[in-house]
Amino acid sequence: REVSLVLHVGDICYACGNLTIWRDFFDRIQPVASKVPWMPAIGNHEFDYRQQHWRPQWLQAGDDSGGECGIPYFSYFPMPHPSNAWYSF
């Protein structure tokens, strides 16, 4: 069967602030992502950091993102509305 959609649910590439790892991740997924819709969902390794300004009450904040605080994720995967990290289809 042919793949029609990739849902990448959290912990996208474990870059922890290292943009070289982000670039390597995109190089690796390019053969598939160039042919099939690739829908990511942010995970703690892209967002979780104790000193970040916004943190929902349910989040057990650690330092999993290495200080990224979602900045690379939201730059690479912009959502239709800038204040919303989630989508539905």
Can you list the residues that meet the ring-ring contact (aromatic ring centres under 6.0 Å, His included) rule with Y76, with sequence neighbours excluded? W22, F26

Closest contact, heavy atoms only, Y73 versus P40: OH-O, 3.4 Å

Applying salt bridge (Lys or Arg N to Asp or Glu O under 4.0 Å) to R23 and not counting sequence neighbours gives none

Quick one: side chain to side chain contact (heavy atoms under 4.5 Å, CB included) partners of V6, sequence neighbours excluded? V3, V32, V36, W38

Taking the side chain as every heavy atom from C-beta outward, state whether F25 and I12 have any atom pair closer than 4.5 Å. yes

Which pair of heavy atoms, one from S4 and one from P37, lies closest together, and at what distance? O-CD, 3.4 Å

How long is the gap from CG on L19 to CG on D24, to the nearest 0.5 Å? 12.5 Å

